[in-house]
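Structure, as structure tokens:
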Amino acid sequence: MSKLRSRPLAEWQLIGRTLGWLVLLRSLLWVRPFPVVQRRADAWAQPGTTDLRDDAAQAAQLIRFVPTVGRLIPGASCLTQALAARILLGRRGYVTELRLGVGRDAAGRFAAHAWLERDGRITIGAAPVAQFTPLPTFGANTGR
């Protein structure tokens, strides 16, 4: 418990923003079709003057916090987490690509997976991506 209390305020703020985006996106995905939510997320992912920072350490923290906080939210799937990371990174000016893939699970049933790529590398959702056939990209957000 003391380890939690000793976290700096900036880290708690980052956790709070991550939680907020995950809850909002999970809720929207329950009531709106994916294309509507994706367009909204793309708009939210645009760099803002207050969030814009060239801080690789904070970007790494974001990438670490999204799946960790996502485990606390029922139904926060790979898609929810990829969209949240896209927003959080995009607002800081990082260019990302949302990727979706389809395939079959071990029982032969249809399966889908979402992940986020930055600079050609998977940042969120690296689970067994190799078993999925990627669909066309949903484009990159703008930024650096």
Side-chain angles (χ1 to χ4, degrees), residues 3-4 7-144:
K3 196 174 187 181
L4 284 175
R7 289 188 182 274
L9 178 61
E11 213 169 285
W12 280 110
Q13 290 171 331
L14 192 54
I15 291 168
R17 279 194 297 274
T18 302
L19 179 64
W21 284 116
L22 285 165
V23 168
L24 176 63
L25 290 163
R26 179 60 261 163
S27 300
L28 286 173
L29 286 167
W30 274 327
V31 298
R32 294 283 191 205
F34 167 70
V36 172
V37 177
Q38 189 234 343
R39 280 192 303 273
R40 203 59 237 149
D42 285 350
W44 289 327
Q46 297 308 308
T49 56
T50 57
D51 284 346
L52 195 57
R53 292 183 193 96
D54 189 7
D55 186 348
Q58 190 173 59
Q61 261 186 334
L62 277 168
I63 292 165
R64 190 178 78 240
F65 284 154
V66 169
T68 302
V69 175
R71 285 191 286 274
L72 303 173
I73 301 163
S77 64
C78 54
L79 178 59
T80 305
Q81 293 179 35
L83 287 169
R86 183 172 171 91
I87 292 168
L88 289 162
L89 289 168
R91 291 175 69 87
R92 282 158 184 77
Y94 293 101
V95 176
T96 59
E97 278 190 296
L98 176 65
R99 302 298 309 264
L100 299 178
V102 296
R104 302 250 176 225
D105 65 13
R109 295 180 302 242
F110 174 81
H113 184 58
W115 65 95
L116 192 69
E117 292 182 0
R118 184 173 146 235
D119 298 329
R121 295 193 330 234
I122 297 171
T123 59
I124 295 286
V129 171
Q131 77 183 45
F132 296 97
T133 301
L135 298 174
T137 66
F138 286 89
N141 60 346
T142 57
R144 61 175 170 264

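Quick note: residue numbers are just sequence positions, from 1. Just so we're clear, the structure is a prediction, and the values are computed from it rather than from any experiment.
R118 places no side-chain N or O within 3.5 Å of a backbone atom of V95 that could act as its donor or acceptor partner.
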Indicate every side-chain donor-acceptor pair of residues 101-112 with a distance under 3.5 Å to a residue at least two apart or in another chain.
from, atom 1, to, atom 2, distance (Å)
R104, NH1, G108, O, 3.3
D105, OD1, A107, N, 2.9
D105, OD1, G108, N, 3.0
D105, OD1, R109, N, 2.8
D105, OD2, R109, NE, 3.1
D105, OD2, R109, NH2, 3.1

Under 3.5 Å, which donor-acceptor pairs do the side chains of residues 122-135 form with other protein atoms, sequence neighbours left out?
from, atom 1, to, atom 2, distance (Å)
T123, OG1, L116, O, 3.1

Side-chain donor-acceptor distances from residues 69-84 under 3.5 Å, at least two apart:
from, atom 1, to, atom 2, distance (Å)
S77, OG, L79, N, 3.3
S77, OG, T80, N, 3.4
S77, OG, T80, OG1, 3.4
Q81, NE2, A76, O, 3.0

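Judged purely by distance below 3.5 Å, without hydrogens or angles, the side chains of E117 and W115 pair a donor atom with an acceptor atom.
For F65, the ring-ring contact (aromatic ring centres under 6.0 Å, His included) test picks out no residue, with sequence neighbours left out. With sequence neighbours excluded, no residue forms a side chain to side chain donor-acceptor pair (under 3.5 Å) with W21. With sequence neighbours excluded, the residues that form a side chain to side chain contact (heavy atoms under 4.5 Å, CB included) with R64 are Q61. R121 is linked by a side chain to side chain contact (heavy atoms under 4.5 Å, CB included) to nothing, counting only residues two or more places apart in sequence or in another chain.
Atoms CD and CD1, from Q46 and I87 in turn, are 10.5 Å apart once rounded to the nearest 0.5 Å. With rounding to the nearest 0.5 angstrom, the CG atom of L88 is 12.0 Å from the CH2 atom of W44. Here the CZ atom belonging to R40 is positioned 9.5 Å from the CG atom belonging to L24, to the nearest 0.5 angstrom. A distance of 5.0 Å separates CG in L98 from CG in L100, rounded to the nearest 0.5 Å. Here the CD-CZ distance, from Q38 to R32, works out to 15.5 Å after rounding to the nearest 0.5 Å.
With a 4.5 Å cut-off on side-chain heavy atoms, R17 and L14 count as touching. Residues W30 and V37 fail the side-chain proximity criterion, which asks for heavy atoms closer than 4.5 Å.
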